[in-house]
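What follows is a single structure, written as structure tokens, with notes after it.
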Amino acid sequence: EDQVTQSPEALRLQEGESSSLNCSYTVSGLRGLFWYRQDPGKGPEFLFTLYSAGEEKEKERLKATLTKKESFLHITAPKPEDSATYLCAVRDHGSSNTGKLIFGQGTTLQVKP
Amino acid sequence: EPEVTQTPSHQVTQMGQEVILRCVPISNHLYFYWYRQILGQKVEFLVSFYNNEISEKSEIFDDQFSVERPDGSNFTLKIRSTKLEDSAMYFCASSPQSDSTYGYTFGSGTRLTVV
């Protein structure tokens, strides 16, 4: 059974203090690992898709990396507006035709000024 | 930027009542999804829909649930007889393909409260 586990559950940073969020996954044939940002009371907002080990994607202060067992979301010099819950999700081989995603429980990031 | 629109944003219903949650996906998208998120829990897949058929559904999506694309723009989720445990945030999403590289676009959700 596919599983996605994120750590830590919550993270508090000072503005400018870089850190990383972890997403560990077990999946039968990865067909995409997704990172989303979710603000309170809103739907997930797409950030990145990674497909193969060694792949990296960047967007502003965020950089996502992928290995065969986990993905990291690195946040460099975060600002208060980066405060949100970050969700990791996977799509497996069997769901490449249906689009089903399996989500982790998320990491809630708070960045203090 | 195109977006997925969901209505209503919040619905309160009596246990046992039927509810219909509505979504307008992005116009050129072909795949449509419903997910739910119980307060404090993971986002959970309910169903995917393509070419007027369900392509995959989860164990949660039992006979009390149904989906429909009644016209060229709307996508609905119906819960026939709501239970207290159906209280959750329901998200609609759409994508141009099932294996979209650009992820899935989610709506802002409908908060369903069953009393």
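Naming convention: chains lettered A, B, ... in sequence-line order (proteins, then strands); numbering from 1 in each chain.
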Identify which part of [X] has an atom lying under 4.5 Å from any heavy atom of chain A, answering side chain, backbone, both or neither.
{"X": "B/Gln37", "result": "side chain"}
{"X": "B/Phe49", "result": "neither"}
{"X": "B/Tyr31", "result": "side chain"}

For this session: Using the salt bridge (charged side-chain N to carboxylate O under 4.0 Å, His left out) rule, collect all pairs that involve residues 11-28 of chain A, keeping only residues at least two apart or in two chains.
Result: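 Residue pairs passing salt bridge (charged side-chain N to carboxylate O under 4.0 Å, His left out), neighbours aside: none found.
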
Problem set entry | Nearest-0.5 Å distance, CZ of residue B/Phe65 to CD1 of residue B/Ile54 |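 Spacing of CZ (B/Phe65) from CD1 (B/Ile54) equals 11.5 Å.
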
For this session: Show which residues join A/Tyr51 in its hydrophobic cluster (side-chain heavy-atom contacts under 4.5 Å, direct or indirect), or state none.
Result: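 Reading the cluster by chain and number, A/Tyr51 sits alone, since nothing else belongs.
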
For this session: From the options B/Ser55, B/Ser94, B/Ser48, B/Ser95, select the one residue that forms a side chain to side chain donor-acceptor pair (under 3.5 Å) with B/Tyr33.
Result: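 Option passing the side chain to side chain donor-acceptor pair (under 3.5 Å) with B/Tyr33: B/Ser95.
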
Problem set entry | Side chains of A/His74 and A/Thr65 in contact at under 4.5 Å (non-hydrogen atoms) |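 The answer is yes, as the side chains (C-beta and beyond) meet within the 4.5 Å cut-off.
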
Problem set entry | Pick from A/Leu87, A/Thr98, A/Thr49 with the largest number of heavy-atom pairs that fall under 4.5 Å of chain B |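 Max contact count across the listed options: A/Thr98.
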
For this session: Against chain B, label A/Gln38 side chain, backbone, both or neither, depending on which of its atoms sit under 4.5 Å from a heavy atom there.
Result: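 Just the side chain, heavy atoms under 4.5 Å.
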
Problem set entry | Residue A/Arg31 versus chain B: region with a heavy atom under 4.5 Å |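 Looking at A/Arg31, nothing touches chain B.
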
